[in-house]
Each structure stands twice: as structure tokens, then as C-alpha cells.
Amino acid sequence: MYTSNILAAGVLFASAVFAQNATQAIPPNFKPSATTQLLAKFGSVQLTPGAQLGINVPATQPQLGLQQAPVNYQQSTWFLTMVDPDAPTPQNATSAQILHWLQPNVKLSAGSGAGAFPYVLANQSAPIAPYARPMPPPTSDAHRYIIYLWQQPNATFTVPAAYSGYSATNRTRFNLTDFAARAGLVGPVAATYWLTANNTNGPAPNATGPVVSSTAAATATSSRAASATSSKPAVYTGAASSISAGSLGLTALIAGAGFALGL
Ligand SMILES: *[C@@H]1O[C@H](CO)[C@@H](O)[C@H](O)[C@H]1NC(C)=O
Ligand SMILES: *[C@@H]1O[C@H](CO)[C@@H](O)[C@H](O)[C@H]1NC(C)=O
Ligand SMILES: *[C@@H]1O[C@H](CO)[C@@H](O)[C@H](O)[C@H]1NC(C)=O
Ligand SMILES: *[C@@H]1O[C@H](CO)[C@@H](O)[C@H](O)[C@H]1NC(C)=O
Ligand SMILES: *[C@@H]1O[C@H](CO)[C@@H](O)[C@H](O)[C@H]1NC(C)=O
Ligand SMILES: *[C@@H]1O[C@H](CO)[C@@H](O)[C@H](O)[C@H]1NC(C)=O
Ligand SMILES: *[C@@H]1O[C@H](CO)[C@@H](O)[C@H](O)[C@H]1NC(C)=O
Ligand SMILES: *[C@@H]1O[C@H](CO)[C@@H](O)[C@H](O)[C@H]1NC(C)=O
């Protein structure tokens, strides 16, 4: 019974004035919508939502957190999804959505120590599909990578039958909206996103680039982008900066080889 009151009302944050800014959580016009920003750090690089990241920056899974906790957060179990709606290219995303991460059984707790988020997320079990680093084809414009936080319906997650085949080695043509509905996920509670390309138009491999403004997005659409209103991500054409990605590779285990689908 522990989540019933939360489920009935949606996921509430203690402060009504907190973080109502959809443009900082998801790509322009994207669905499902989320108004609260999920905080993310790749090593020492804190993500600014919408920024273009060099190909090496998101090489391993980010640390995630929240600025403020939903009410009764200790009694709930949380769930993470990450998708790429732009594979193999934003203009013709025939493989989308690519499932980049499917992590049940996440706990939210108060952060501690220098550099920690106010509230931090930590998985209590193995992922269903482990974090897979962005690998957009070098011939593609930047892809969008979107991480959503959801509330799990209860403490024992069951994969919906229609999605039982998804795993580290089967990630294409995922439908996040459909999955969330079948799984009974509540939310999204929070989200964040970035863009990554693997070509010389973007930031250097270990650098971060500017936030891509919504007005820069062009109008290419994709029938495979599930519930997303897909728009072509702009390609960063400015000079690459030299911000270091810091020490990466501390925590994540990447699914092994054979992941050359252009993700
Ligand atoms: C929402 O986010 C956008 C993009 O970062 C920013 O320009 C705008 O000022 C923000 N609005 C509010 C009310 O915080
Ligand atoms: C999109 O990709 C599919 C599969 O590769 C291909 O058959 C189709 O011609 C492409 N469409 C466009 C408009 O490029
Ligand atoms: C959490 O996820 C990481 C990365 O996939 C994994 O190595 C670790 O075993 C998971 N933790 C638990 C408690 O299963
Ligand atoms: C990026 O592209 C280069 C070729 O230009 C390739 O060698 C490298 O493996 C690619 N990196 C990723 C993460 O896909
Ligand atoms: C818990 O949630 C799962 C979906 O992940 C559902 O299949 C199951 O019936 C739920 N269990 C209870 C006791 O509500
Ligand atoms: C991937 O998973 C889906 C959903 O369970 C399934 O329909 C499909 O056959 C699987 N594909 C492969 C290659 O395993
Ligand atoms: C760039 O990123 C790669 C992959 O994470 C790492 O091995 C390398 O040390 C980084 N280089 C610098 C200069 O930070
Ligand atoms: C994804 O699922 C939703 C909800 O079931 C459905 O409306 C939509 O058409 C699906 N998208 C694709 C590309 O199959």
C-alpha cells in the first residue's frame, strides 16, 4: 500500500515552486513531457540540459540526482529509462527508439559529501539493459539522448511481457510511451538530455558544447520516433572548447561488443 496515495495524485514535490521548466528537462516538443530537471554528472562534468557533449564525455553512465525530493521519496522505488529517438539518423530514424538504459529498483536518498547532489539515485539491482554509451554514426547529425526518472509501481518490478526480449543485445525499436504504460510506471518524475555526434562538427571528444536552442531545431520528422515529435537536432558548428571530462570510467559496466548499430 505504500505508494497508493502517491500514485493517485501523481508524484508530488514538497515545494510547488520547484523547477517548473520543461525546456530544461526534455528536448523541445518532445514527449513524454517532464518539467523537473534530473541532475546528471559524467565524471566531474555536470550536464547542462540540451548541451552537445563530445563523444567521450558520456562514455560511462552518469551519476544522477535531484535538487529536491518528491514527498515520501524514501518509501518509493524509482526507475530509469534512456532512449535515443534519432537512430540511425534524425532525418530517417528507422531503428528508433534505441534503448540505452533500463534500470529498475532505484533508491533516492539524501546526498552526502563534497560534490554530491542534494538527493542521489542509486540502483539496488542489476539493470535490465545496462547503460550503453552514445555511438551515433560518423555520417549522422547529432542524436538526442534522453534520460527519464519514473516512479516504479511497487518494490518488485516485472517486465511487461511485450518487452521481455529487450536486453543488452536487443535495443532497437523500443517504444518508451508504450513500455511505461504497460509497466505501470508513474511519471515521468524528472528528465534530462543532451546531444552527441561523432564528427568534427561537434565539440572535441572530451569537451562540452553549448546548449542547442529550440529555435535552431529544423523540421525533419520520423515515423519511428514513437511518441516523440521528432525534430532535427542542430549540429554544433562553433569552436571546440577544451573542458576536460575529468576521470571517467569509475562505475559503469558497458555491455560488451556487438553494439555497432549506430546508436
Ligand atoms: C527555462 O529554461 C530556459 C533554457 O535553459 C531558460 O532560457 C529560461 O530562462 C528558463 N525559464 C525559467 C522560468 O527558469
Ligand atoms: C530510410 O531508411 C530506410 C531503411 O534504411 C530506407 O529504406 C528509406 O529509403 C530511407 N528513407 C529516406 C527518406 O531516406
Ligand atoms: C548497479 O548497476 C551497475 C552498472 O550496471 C552494476 O554494475 C551494479 O552491479 C548494479 N548494482 C546492483 C546492486 O546490482
Ligand atoms: C567515432 O568515430 C570513429 C571514426 O571516425 C570511430 O573510430 C569511433 O569508434 C567512433 N566512436 C564511437 C564511440 O562510436
Ligand atoms: C507490482 O508491479 C508490477 C509491475 O512492475 C505488477 O506486475 C505487479 O502486479 C505489482 N504487484 C503488486 C503486488 O501490486
Ligand atoms: C527484441 O525484443 C522484442 C520485444 O520483446 C522482441 O519482439 C524481438 O523479437 C527481440 N529481437 C531480438 C533480435 O531478439
Ligand atoms: C578523453 O576521454 C577518454 C575516454 O573516456 C579518456 O580515456 C581520456 O583519458 C580522456 N582524455 C583527456 C585528455 O581527458
Ligand atoms: C508507441 O506506443 C504508443 C502507445 O501504445 C503508440 O500510440 C505509438 O503509435 C507507438 N509508436 C510506434 C512508432 O509504434
Side-chain angles (χ1 to χ4, degrees), residues 40-47 51-63 79 81-90 93-104 127-145 157-185 194-209 224-227 233 235-236 239-263:
K41 260 186 206 171
F42 294 101
S44 61
V45 176
Q46 182 155 353
L47 175 63
Q52 232 186 312
L53 304 182
I55 190 76
N56 282 343
V57 176
T60 59
Q61 70 188 49
Q63 296 169 265
F79 196 99
T81 60
M82 172 175 156
V83 294
D84 168 5
D86 296 325
T89 66
T94 48
S95 306
Q97 296 168 323
I98 301 296
L99 177 64
H100 273 261
W101 199 4
L102 200 58
Q103 175 66 65
I128 297 165
Y131 178 88
R133 69 179 295 175
M135 298 179 72
T139 49
S140 174
D141 286 338
H143 292 198
R144 295 164 296 178
Y145 298 90
F157 186 76
T158 306
V159 178
Y163 287 83
S164 60
Y166 279 93
S167 67
T169 54
N170 181 14
R171 296 176 182 265
T172 56
R173 297 193 177 86
F174 189 74
N175 184 332
L176 177 58
T177 306
D178 188 63
F179 173 83
R182 287 176 192 265
L185 299 179
W194 70 93
L195 292 90
T196 294
N198 189 12
N199 58 42
T200 54
N201 292 330
N206 289 21
T208 60
R224 272 277 169 203
S227 56
V235 175
Y236 172 54
S241 69
S242 57
I243 301 165
S244 166
S247 57
L248 294 169
L250 295 176
T251 56
L253 298 176
I254 307 300
F259 192 42
L261 293 163
L263 319 177

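Each ligand, and each atom within it, is numbered from 1 in the order the structure gives.
Between Tyr145 and His100, the ring planes lie perpendicular to each other; the angle is over 60°, past the 30° to 60° tilted range.
If you number the atoms of ligand 4 from 1 as listed, the ones under 4.0 Å from a heavy atom of Asn198 come out as 1 (C), 2 (O), 3 (C), 8 (C), 10 (C), 11 (N), 12 (C), 14 (O). Applying the 4.0 Å criterion to heavy atoms of Ile55 picks out, from ligand 4, the atoms 13 (C). Set against the non-hydrogen atoms of Met135, the atoms of ligand 4 under 4.0 Å away are 14 (O). Ligand 4 places these atoms under 4.0 Å from at least one heavy atom of Arg133: 13 (C).
With values rounded to the nearest 0.5 angstrom, Ile98 atom CD1 is found 5.5 Å from Thr172 atom OG1.
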What does the contact table look like for ligand 6 (nitrogen or oxygen on each side, cut-off under 3.5 Å)?
residue: ligand 6; atom: 2 (O); partner: Asn170; partner atom: ND2; Å: 2.4
residue: ligand 6; atom: 5 (O); partner: Ala162; partner atom: O; Å: 3.3
residue: ligand 6; atom: 5 (O); partner: Gly165; partner atom: N; Å: 2.8
residue: ligand 6; atom: 11 (N); partner: Asn170; partner atom: ND2; Å: 2.8
residue: ligand 6; atom: 14 (O); partner: Asn170; partner atom: ND2; Å: 3.3

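Contacts of Asn199 with ligand 4, taken as heavy-atom pairs under 4.0 Å, are absent altogether.
Tyr163 approaches Asn175 most closely through the heavy-atom pair OH-O, 3.2 Å. The shortest heavy-atom contact between Trp101 and Pro62 is CZ3-CD, 3.9 Å. Of all the heavy atoms in Asn56 and Arg133, the pair that sits closest is OD1-NH2, 3.2 Å. Contact record, Thr196 with Pro136: O-CG, 3.5 Å, taken as the closest heavy-atom pair.
Contacts of Thr139 classified as side-chain hydrogen bond (donor to acceptor under 3.5 Å, both in side chains), with partners at least two apart in sequence or in another chain: none.
The shortest distance between side-chain heavy atoms of Leu102 and Phe79 falls below 4.5 Å.
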